[in-house]
Amino acid sequence: MFPSTSPDTGRDPWSDAPAPGPAGPARGYPPAPRTGPADDGRERKGPRRLRKGGPGRRPDDESDEAPEEEVPPVPVRRPLALTVAGFAALLGVGLVLGAQTAGPGHRLPFAFIIFGVQLLFVLAWTMAMRPPALLVVALVSAVAAGIADAAAVQSEIAGLAPLGYAAAAGLVLAVLGQLFRRVDRVRVTDSLGSTLLIVVGVVAFATLIVLSRIPKGTQAITVCLTATGVALLVARLTDAVAPWPRLAPQVPRGAAGVVAGAMLGTLTSAVLGSYLVGFTPTSAALVGLVTAGTAVLADLAVGYAEAGRLMAGEPPTMWVARHMQGPLGGFALAAPAAYAMCVLFL
C-alpha cells in the first residue's frame, strides 16, 4: 500500500529548498575516502608505543613476557681471600730478599729465584686461560723465560732489547705451534691475546734482573716490590673483612680494598725511601704509587677476566692456578713499571 500523503506535503510549492531526505551522503556521489585505520571491531586498550629495535606494542603486551631474573652476587669467601693475601706476601718477600743477594758477578742466585717465579706464572696462566696447544705454549714460554734470564745476566750492557727479542721469538713459536694442528688452528685468532699475555708476562720478570745491574736498581727493587706486596696483601685482607662497595656482582672484590691497598703500598714505599740511600720520601712514594697501583689493578683485571670466562660457559680451571693468577700478574706488571720509573725519574 502507498501512503495517503505525499512526502512533499507541507512544503511550499515555490520553495527552492531540496526535499528532505535521510542523513548521509548525497545521492549520485561516492562516499568520501576514510583516512583513519579501519575499524576491525577490536577495542583498543591503549596507545601503541615504539620500542628500540622492534615494532610498537601496547602496555598489555608487556604482561606476556617473563620478568628478567636478577643474578645473585658471588659470595666472598674469607678463607680464600686470606690465602691469596698470604701468597702475595710470600711472593713479595721472596723477590725482595732475592734482590738483596744480587751483586756484581753474583746475579745467578737472583736469576734462579726469578726463574722459579716464572715457572709458577706459566703454570697458573696457561691453566687459567687455556690457550690452544696448551702444552706447546707452556713449553715455549718456559724456554723464552730461561733465554731472557740468561740474556739479562750475561749481556754486556744492561738493557731491555734482549728481553724484547726473547718475547718476540717466543710469541712466534707459540703461534706456529698452535697452527700445526687443525683443531687448534681455528682458535688461534681468538686466543692470540691470551698467548701474548702469557709470553710477555713471563719475560717481564726478567726486567728485575736487568734492574739489579744499574745504579740504585737494588734499592728500587726493594721499594717497588715492597709496595707491590703490601698493596696486594692489604687489598685481599680488606676483601676478606669488608668487600664493599662491590665493583661487580660477579667479581668478589670491593673498591675499598683496591683503594686501601694502593694507598698503604705508597705509604710503605715513602717510609722506606727515608732510610734507603739514593731515595727521598717523595721519590720513593712516586715510584711506589705507580707500581702499587699497577699491581692492584692487574690483580683486579684478572678477577674480571675469570668472571667473564665463567659467564661465557667455560668450565672452571684448576683451583690453585686460578687464584695464583692475580698476584703473579700483579708482580709481572709491576716489574717493568719499576724499571721504567727507575730509569726515568731516579
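Here the structure is a predicted model, which means the values were calculated and not measured. All values below were derived from every heavy atom in this structure, side-chain atoms included, with hydrogens, water molecules and symmetry-related copies excluded.
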With heavy-atom distances below 4.5 Å as the criterion, would you say the side chains of [X] and [Y] are in contact?
| X | Y | answer |
| --- | --- | --- |
| Y339 | L160 | yes |
| R236 | L82 | no |
| F110 | L208 | yes |
| V74 | P249 | no |
| L97 | T101 | no |
| V96 | V93 | no |
| P252 | D239 | no |

same_hphob_cluster([X], [Y]) at 4.5 Å side-chain heavy-atom cutoff:
| X | Y | result |
| --- | --- | --- |
| V84 | L247 | yes |
| L91 | L80 | yes |
| V137 | L328 | yes |
| F112 | L163 | yes |
| I221 | V343 | yes |

Sub-3.5 Å donor-acceptor pair from the side chain of [X] to the main-chain atoms of [Y], do we have one?
| X | Y | value |
| --- | --- | --- |
| Q118 | V202 | yes |
| R246 | V251 | yes |
| D299 | G330 | no |
| S191 | S194 | no |
| R78 | A240 | yes |
| T126 | V122 | yes |

- [ ] Answer yes or no: are there more than 12 heavy-atom neighbours, outside I157 itself, under 6.0 Å from its atom CD1?
- [x] no

Open item on the list: Counting only heavy atoms not in M263 (residues, nucleotides, ligands), do more than 12 fall under 6.0 Å from its CE?
Closed with: no

How close do [X] and [Y] get, counting heavy atoms only, and between which atoms?
| X | Y | answer |
| --- | --- | --- |
| A133 | G177 | CB-O, 4.1 Å |
| T228 | A334 | OG1-CB, 3.6 Å |
| A332 | G201 | CB-O, 3.8 Å |
| T291 | A227 | OG1-CB, 4.3 Å |
| S141 | I198 | OG-CG2, 3.5 Å |
| V210 | A152 | CG2-CB, 3.6 Å |

- [ ] Test M129 against Q325 for side-chain contact (heavy atoms from CB on, under 4.5 Å), laying out the working first.
- [x] CA-CA 10 Å; M129 305 191 75; Q325 188 185 6; 3.9 Å; yes

- [ ] Any side chain to side chain donor-acceptor pair (under 3.5 Å) involving residues 304-314? Give me the pairs, sequence neighbours left out, ordered by first then second residue.
- [x] E306-R309

Open item on the list: Tell me whether the rings of W125 and F121 are parallel (<30°), tilted (30 to 60°) or perpendicular (>60°).
Closed with: parallel

Pair [X], [Y]: side-chain N/O donor-acceptor within cut-off below 3.5 Å:
| X | Y | result |
| --- | --- | --- |
| R213 | S155 | yes |
| T195 | Q178 | yes |
| T266 | S269 | no |

Reported [atom1]-to-[atom2] distance for the pair [X] and [Y], which is rounded to 0.5 angstrom:
| X | Y | atom1 | atom2 | answer |
| --- | --- | --- | --- | --- |
| C224 | F331 | SG | CZ | 11.5 Å |
| S283 | K216 | OG | NZ | 7.5 Å |
| Q250 | L310 | CD | CG | 10.0 Å |
| L211 | L225 | CG | CG | 8.5 Å |
| Q219 | Q100 | CD | CD | 8.0 Å |
| T83 | M324 | OG1 | CE | 12.5 Å |

